[in-house]
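The next block holds one structure in the form of structure tokens; read it before the comments.
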Amino acid sequence: MGWGILISVIIITGYAIKRLLTTAWEGQIFSLRNFLLLTVTYAVLLTGFATVFTILTFEGVHVMIVDETSQSFWSLFSTSIYFSAMMLFSVGNGEIIPVGWGRWISILATYLGHALPVTVVWTLMFTRKGKNP
């Protein structure tokens, strides 16, 4: 069951990124629609990576070293949410250490967290309608 959820999360996350990159942005750089689109995409990425870390841990794949002794689902999921946020919005902090496949997943999360804003700004600056040459 966990592997099925994992595959579903990967597909949904991929779709969210594709949707963000192929959606036509409104003419204004700062609009509520653009902000909400970016917010929803980051929320999907955040929960997606947290779900990946949580499910892999429950399936017995060692992906992160956590100082917690409690291994309840919600405890592990909240720790994974925190870890995913640290990877998407910064470069980590050292409290949670990725190991094995977790390192590669962390690299992907960090890359997406840093590349998406650049991509959005690039898209807004060079594909706006009515831009002056």
Starting at CD1 of I81, measure out to CZ of F53 and round the result to the nearest 0.5 Å.
-> 11.5 Å
Measure up the W74 and F77 rings against each other and bin them: parallel (under 30°), tilted (30 to 60°), perpendicular (over 60°).
-> perpendicular
When the side chains of residues 98-109 are checked against the rest of the protein, which donor-acceptor pairs come out under 3.5 Å, sequence neighbours left out?
unit_1	atom_1	unit_2	atom_2	d
R103	NE	P98	O	3.3
S106	OG	G102	O	2.7

Across all chains, not counting sequence neighbours, the ring pair (Phe, Tyr, Trp, His ring centres under 6.0 Å) partners of F89 are Y42
Shortest non-hydrogen contact from A85 toward L46 | N-CD1, 3.2 Å
Grab the two heavy atoms, one from M87 and one from H114, that are nearest each other, plus how far apart they are.
-> O-CE1, 4.4 Å
Is there a side-chain contact between L45 and L116 (heavy atoms, below 4.5 Å)?
-> yes
For T57, side-chain contact (heavy atoms from CB on, under 4.5 Å) partners two or more places apart | V63, M64, Q71, L76
Tracing side-chain links under 4.5 Å among I, L, V, M, F, W and Y, which residues wind up in one group with I7?
-> I11
In one Ile/Leu/Val/Met/Phe/Trp/Tyr side-chain cluster, 4.5 Å: [X], [Y]:
X: Y15; Y: I12; result: no
X: I10; Y: Y111; result: yes
X: L88; Y: V44; result: no

Excluding sequence neighbours, so at least two apart, what forms side-chain hydrogen bond (donor to acceptor under 3.5 Å, both in side chains) with T54?
-> S80
